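Each remark here refers to the structure printed beneath this line.
Just so we're on the same page: letters track the sequence lines, and every chain starts at 1. Quantities reported herein were computed from a predicted structural model and do not represent experimental measurements. As a basis for the values below, the full set of heavy atoms in this structure was taken, side chains included, without hydrogen atoms, waters or symmetry mates.
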2 protein chains.
Amino acid sequence: MSLPKPGKPVRGSKSGNHLMALFDLLGRSWSMGIIWRLQEGSCTFRVLQDRCESISPTTLNKRLKELTQSFLIERTVDGYTLTDKGREIFLLLKPLESWAKDWAKKFESNE
Amino acid sequence: MSLPKPGKPVRGSKSGNHLMALFDLLGRSWSMGIIWRLQEGSCTFRVLQDRCESISPTTLNKRLKELTQSFLIERTVDGYTLTDKGREIFLLLKPLESWAKDWAKKFESNE
DNA sequence: TAGCTTTGCTATACAAAATGTAGCAAAAAT
DNA sequence: ATTTTTGCTACATTTTGTATAGCAAAGCTA
């Protein structure tokens, strides 16, 4: 893979729109969840599968390949790890955590 | 909708994990792209469809409903707008833009 | 070292999500 | 009043994700 979905343009992007390519990558099922869980520490396929609770091995495998080819994670002798780039995105995603907590109130109250 | 995917737990979340609910919502096709484009300014369905270039009306409609029920966007007399919450997420997503630009280098060079 | 377990997947069949296209009813423009 | 635009919906197809079974390779275990 050169950029996610090479050849035909990435969902929602003219050629050269890297942000949309990123949205496309992160916008696949479990992408962000996997990054989040890998931040807890490098681990094997099975352990990652357990951390993700309900992911199917088929999807996990596919996502891992994509994220690896996108330089966000890499395989080592003892499993999968976030790369520097991967950790960078994690840090960008992190603020969503507390935001989400606050957002949840909207669903409870009539704020 | 109370939280995205009510009833059965959201993809990758135990009950009460709002971050995973958010990942699930943003992780659907076009979710982030729509937020991004709405930040350019409120607009009608058709204009939004044009801004997104290749989105199908079916998907756009579905996403708009979900994002509305999730308090990120709202309908006004003259179309769709980001809510305060929506603008907040946009601001959290914004840093991804320059990150993506840098990330793109990985695909060009042998860095 | 023979057998059992665990791991990292793949194969297959199925379900759910997204797409593309057509078109229709309501509102707006002419 | 007629045409055009808008905001969808219906429907058929394709793509994506799921669930389950299982297999080959590596790692214990006796």
Side-chain angles (χ1 to χ4, degrees), chain A residues 1 4-14 20-38 41-70 73-81, chain B residues 1 3-14 20-21 23-38 41-70 73-81:
Chain A
M1 200 160 29
K5 291 209 173 163
K8 52 181 165 181
V10 154
R11 199 154 50 187
S13 70
K14 318 184 195 191
M20 291 306 145
L22 178 62
F23 281 173
D24 190 56
L25 179 67
L26 296 181
R28 291 172 196 161
S29 78
W30 287 101
S31 287
M32 293 188 283
I34 289 170
I35 292 169
W36 197 262
R37 264 87 172 202
L38 266 184
S42 310
C43 65
T44 65
F45 188 95
R46 279 285 162 113
V47 170
L48 190 51
Q49 205 179 334
D50 288 347
R51 284 187 191 165
C52 291
E53 304 246 354
S54 66
I55 195 173
S56 72
T58 322
T59 303
L60 179 55
N61 187 247
K62 211 179 165 216
R63 256 349 56 97
L64 286 174
K65 273 179 186 156
E66 292 166 3
L67 292 170
T68 301
Q69 287 166 337
S70 303
I73 67 180
E74 63 188 356
R75 283 201 73 171
T76 66
V77 270
D78 40 41
Y80 294 91
T81 333
Chain B
M1 203 166 19
L3 266 175
K5 293 207 175 165
K8 52 180 167 183
V10 153
R11 201 153 49 186
S13 70
K14 319 183 193 191
M20 292 305 147
F23 281 174
D24 190 54
L25 180 67
L26 295 180
R28 291 171 195 163
S29 76
W30 287 102
S31 285
M32 293 187 282
I34 288 170
I35 292 168
W36 197 263
R37 264 89 173 202
L38 266 184
S42 310
C43 65
T44 65
F45 188 96
R46 278 285 161 112
V47 170
L48 190 51
Q49 203 180 334
D50 288 346
R51 283 188 191 163
C52 291
E53 304 246 354
S54 65
I55 196 174
S56 73
T58 321
T59 303
L60 179 56
N61 187 247
K62 211 179 166 217
R63 256 349 55 98
L64 285 174
K65 274 179 185 156
E66 291 166 3
L67 293 169
T68 301
Q69 288 167 339
S70 302
I73 68 181
E74 63 189 355
R75 283 201 72 172
T76 65
V77 271
D78 39 43
Y80 295 91
T81 333

For atom [atom1] of [X] and atom [atom2] of [N], their distance in whole Å:
| X | N | atom1 | atom2 | result |
| --- | --- | --- | --- | --- |
| Asp78(B) | dT6(D) | CG | C1' | 14 Å |
| Phe45(A) | dC9(C) | CZ | P | 6 Å |
| Asn61(A) | dT16(D) | CG | P | 16 Å |
| Gln49(B) | dT5(D) | CD | P | 15 Å |
| Ile55(A) | dT18(D) | CD1 | P | 7 Å |
| Trp30(A) | dA19(D) | CH2 | C1' | 14 Å |
| Lys62(B) | dT16(D) | NZ | C1' | 12 Å |
| Asp24(A) | dA18(C) | CG | C1' | 12 Å |

[N], OP1 or OP2 - any side-chain N/O from [X] closer than 4.0 Å?
| X | N | value |
| --- | --- | --- |
| Tyr80(B) | dC8(D) | yes |
| Lys65(B) | dT9(D) | yes |
| Arg28(B) | dA16(C) | no |

Give, for atom [atom1] of [X] and atom [atom2] of [Y], the distance between the pair rounded to the nearest 0.5 Å.
| X | Y | atom1 | atom2 | value |
| --- | --- | --- | --- | --- |
| Asp50(B) | Thr44(B) | CG | OG1 | 8.0 Å |
| Cys52(A) | Trp36(A) | SG | CH2 | 13.0 Å |
| Ser42(B) | Leu48(B) | OG | CG | 10.5 Å |

Which nucleotide in the list [options] gets nearest to the side chain of [X]?
| X | options | value |
| --- | --- | --- |
| Arg63(B) | dC8(D), dG17(D), dA18(C) | dA18(C) |
| Thr59(B) | dC8(D), dG17(D), dA18(C) | dA18(C) |
| Ser56(A) | dC8(D), dA19(D), dT7(C) | dA19(D) |

Can you check whether any acceptor in the base of dG20(C) is under 3.5 Å from a donor in the side chain of Thr58(B), or vice versa? yes
[X] versus [Y], closest heavy-atom pair with distance:
| X | Y | answer |
| --- | --- | --- |
| Pro57(B) | Gln49(B) | CD-NE2, 3.8 Å |
| Gly33(A) | Met20(B) | CA-SD, 4.5 Å |
| Leu38(A) | Cys43(A) | CD2-SG, 4.1 Å |

With 3.5 Å as the limit, what N/O pairs link the protein to nucleotides 23-30 of chain C?
none

Determine, for Arg28(A) against Asp24(A), whether the closest basic-nitrogen to carboxylate-oxygen distance falls under 4.0 angstrom. yes
